[in-house]
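Quick one: this structure, given as structure tokens, is what I'll be asking you about.
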Amino acid sequence: MRVREWNPRSASAGEIRSLVETVNAALAVDLPGDPPWQDVQVREYLAETMPGERRISWVAEDDRLPEGESEIFAHVSMLLLGDIGVLDVLVRPRLRRRGLGSQLVAFAARRAYLEGFSSIGVEAIGGTPAIPFYEKLGFEREYVETRSVLNVASVDWPVLEEMANDIGAGYRVEYHPGGPPESLIEAYAQAKLEAPDDNDDLDLAPRSSDPQRLRDSLNTLHKRGLKPYIVLAIDESDSSVAGLTEVVVPAQHPERADQYDTIVVRAHRGYGIDRAIKARMLFELRSAEPGLREVQTWNAQNNESMLKVNAELGYQADRDWYEYGADVAQLVQSLEHIH
């Protein structure tokens with residue numbers, strides 16, 4: 001087995017294919033209800049980052065074959081953003097519990113330490129071997145949220161239409177595939193500042209509430225093969241953004257979309273905006289993405305209002321998702337015996 005630093009931009013098509021096979025082998029065991037990945041814009045998904053951010057990757061492969069021609073058995077990427085490194089570790093199920101994952105984490109931790117990063121974060125899926133794996137390494141659980149999944153085929157569309165129209169007077173709802181128009185970027189960014197701050201999220205995916213960072217974020221999504229859809233509630237009195245909801249359809253698994261932010265500006269809460277814009281979004285997705293089967297969303301367990309809205313729309317709670325954190329220096333020390 002050989003572990004080496006790996007650049008998806010220069011990787012061979014065979015390596016990308018092998019990595020997708022590893023992703024799907026892990027999904028089949030850990031999340032058997034999730035759709036498999038397709039080999040579509042995977043290279044871009046792995047390589048593209050926001051300005052000022054970097055992603056470093058390593059692979060474990062069969063050392064009997066030359067680099068670029070071997071089967072990828074495991075992969076770790078570390079996104080360096082702000083003062084934290086965010087890990088994503090993937091090991092083929094048949095090779096788990098052999099120390100391969102720990103070896104990859106050790107490579108990433110040493111690099112984070114050398115680059116002056118003080119903490120490492122990672123997401124772990126409840127009910128999978130990732131939980132005992134990270135806890136054994138010394139990661140501490142810092143945040144929990146619940147994933148819920150909506151089956152599009154089970155949606156009651158007449159009821160949903162009533163929800164989409166049930167919004168207070170003085171608001172209009174707008175749909176913007178691909179992202180908000182330039183004329184609304186500043187108002188959109190202002191509304192993003194209202195993101196809930198009542199949780200202890202590690203902020204592994206910081207929101208873009210600065211107009212230029214928002215532009216960069218949308219541009220990066222497109223480059224990575226993630227198509228954003230936006231629905232806005234506009235306050236007709238001053239054309240400000242009163243509420244927004246974002247869904248992204250990945251080219252890598254277009255059957256299942258990802259819900260991103262849903263935000264209602266504080267001054268506009270209590271008028272049914274959140275439910276109306278999320279209901280409208282589902283109508284638009286039905287037309288724009290006929291192959292879409294499911295939408296998944298994540299919510300803090302204390303976010304009772306959004307959990308209630310999602311339940312009314314038809315989302316079903318699936319499983320818990322955990323965020324773990326570790327001190328880089330301590331992690332390096334605990335893994336120093338691994339080479």
Side-chain angles (χ1 to χ4, degrees), residues 1-6 8 11-47 55-63 70-79 85-109 120-137 139 141 144-147 149 204-205 224-226 248 250-258 293-294 296 298 318-324 338:
M1 191 75 68
R2 175 177 59 226
V3 176
R4 64 181 173 93
E5 193 169 329
W6 183 74
S12 68
E15 287 179 287
I16 298 294
R17 227 174 6 253
S18 179
L19 183 62
V20 171
E21 290 169 1
T22 296
V23 169
N24 287 334
L27 278 176
V29 171
D30 296 337
L31 294 168
D34 283 28
W37 275 43
Q38 302 175 15
D39 188 358
V40 180
Q41 288 185 264
V42 173
R43 184 189 308 276
E44 294 80 4
Y45 179 84
L46 296 169
R55 183 179 284 108
I56 308 171
S57 300
W58 294 263
V59 293
E61 61 190 0
D62 189 336
D63 57 8
S70 186
E71 182 181 6
I72 291 177
F73 297 125
H75 171 262
V76 61
S77 72
M78 180 171 62
L79 181 64
V86 182
L87 293 183
D88 186 7
V89 182
L90 174 70
V91 179
R92 286 215 183 200
R94 63 183 172 86
L95 294 174
R96 290 175 177 173
R97 298 181 179 86
R98 300 186 186 184
L100 193 52
S102 299
Q103 189 177 1
L104 291 172
V105 172
F107 271 90
I120 281 183
V122 68
E123 283 190 336
I125 303 166
T128 70
I131 301 298
F133 170 73
Y134 289 115
E135 292 183 350
K136 185 178 179 181
L137 291 181
F139 282 80
R141 187 179 298 180
V144 60
E145 56 188 356
T146 300
R147 181 177 80 164
V149 179
L204 301 189
R224 298 185 75 206
L226 308 174
V248 170
Q252 298 80 21
H253 51 88
E255 291 182 1
R256 179 178 287 199
D258 297 325
R293 294 185 175 187
E294 296 165 318
Q296 59 185 0
W298 290 263
D318 177 42
R319 67 169 75 200
D320 289 337
W321 234 254
Y322 302 98
E323 289 183 8
Y324 283 86
I338 297 176

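Only a predicted model underlies this, so the values are computations on that prediction, with no experimental measurement involved.
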What one should report as the nearest heavy-atom pair of Arg43 and Ala11 is NH1-O, 2.6 Å
Using the ring of each side chain (for Trp, its six-membered ring), is Trp321 parallel, tilted or perpendicular to Trp298, with breaks at 30° and 60°? perpendicular
As a quick check of understanding, evaluate side chain to side chain contact (heavy atoms under 4.5 Å, CB included) for Ser102 and Leu137, giving each step before the final call. CA-CA 8 Å; Ser102 299; Leu137 291 181; 3.8 Å; yes
Worksheet item: Are Asp62 and Phe73 close enough that some pair of their side-chain heavy atoms sits under 4.5 Å apart?
Response: yes
Smallest heavy-atom separation, Arg96 atom then Val91 atom, equals NE-O, 3.2 Å
When every non-hydrogen atom of Ala257 is compared with those of Pro250, the smallest separation belongs to CA-CD, 4.3 Å
Value for CG (Leu79) from CG (Leu46), rounded to nearest 0.5 Å, stands at 11.5 Å
Between Gln103 and Val3, is any pair of side-chain heavy atoms under 4.5 Å apart?
yes
Apply side chain to side chain donor-acceptor pair (under 3.5 Å) to Tyr324 and Glu135, showing your working.
CA-CA 9 Å; Tyr324 283 86; Glu135 292 183 350; 2.6 Å; yes
Check: With side chains defined as the heavy atoms from C-beta onward, is the minimum distance between Asp30 and Pro129 less than 4.5 Å?
Finding: yes
Please step through side chain to side chain contact (heavy atoms under 4.5 Å, CB included) for the pair Val122 and Glu323, ending with a clear verdict. CA-CA 6 Å; Val122 68; Glu323 289 183 8; over 6 Å; no
### Task
Kindly say whether Ala124 contributes a backbone atom to a donor-acceptor pair with the side chain of Thr128 at under 3.5 angstrom?
no
Quiz item: After noting the C-alpha distance and the side-chain angles of Phe139 and Tyr134, does the key distance pass the ring pair (Phe, Tyr, Trp, His ring centres under 6.0 Å) rule?
Solution: CA-CA 5 Å; Phe139 282 80; Tyr134 289 115; 5.3 Å; yes
Please determine whether the number of non-hydrogen atoms from other residues, nucleotides or ligands lying under 6.0 Å from atom CZ of Arg94 exceeds 12. yes
**Q.** Side-chain (Arg17) to main-chain (Asp39) donor-acceptor, under 3.5 angstrom
**A.** no
**Report entry** Check: Ile72 main-chain N/O paired with Ser18 side-chain donor or acceptor under 3.5 Å
**Finding:** yes
### Trace of the side chain to side chain contact (heavy atoms under 4.5 Å, CB included) decision for Arg147 with Val149
CA-CA 7 Å; Arg147 181 177 80 164; Val149 179; 4.1 Å; yes
Gln38 and Ala251 have their tightest heavy-atom pair at OE1-O, 4.2 Å
*asked:* Within the 3.5 Å criterion, strictly below it, is a donor on Asp88 or Ser77 matched to an acceptor on the partner's side chain?
replied: no
CD (Glu294) and CD (Gln296) are apart, to the nearest 0.5 Å, by 8.0 Å
Task: Close side-chain approach of Glu5 and Ile56, heavy atoms under 4.5 Å - done: yes
- Within a strict 4.5 Å, meaning less than it, do heavy atoms of the His253 and Leu27 side chains meet? no
_I'd like to know whether the aromatic ring centres of His75 and Trp6 sit less than 6.0 Å apart in this structure._
yes
Correct closest heavy-atom pair for Gly225 and Gln41 would be CA-NE2, 3.5 Å
### Query
If you measure from the Lys or Arg side-chain nitrogens to the Asp or Glu carboxylate oxygens, is any gap between Arg319 and Glu145 under 4.0 Å?
no
Checking Thr22 against Leu90 for the side chain to side chain contact (heavy atoms under 4.5 Å, CB included) test, could you report, in this order, the C-alpha distance in whole Å, the side-chain angles of both residues, the deciding distance, and whether it holds? CA-CA 8 Å; Thr22 296; Leu90 174 70; 3.7 Å; yes
Can you find a heavy atom in the side chain of Val105 that is under 4.5 Å from one in the side chain of Leu87? yes
Notebook entry, point to check: Can you check whether Arg224's main-chain N or O pairs, donor with acceptor, with Gln252's side chain at less than 3.5 Å?
Noted result: yes
Examine Arg141 relative to Tyr322 and say whether NZ or CZ is less than 6.0 Å from the centre of the six-membered ring and inside a 45° cone about the ring axis. yes
In terms of heavy-atom contacts, Leu100 and Ala60 come closest through CD1-CB, 3.7 Å
CD of Glu15 to CD of Glu71, rounded to nearest 0.5 Å, is 12.0 Å
Run the salt-bridge test on Arg92 and Glu61 with the 4.0 Å N-O cut-off and return the result as yes or no.
no
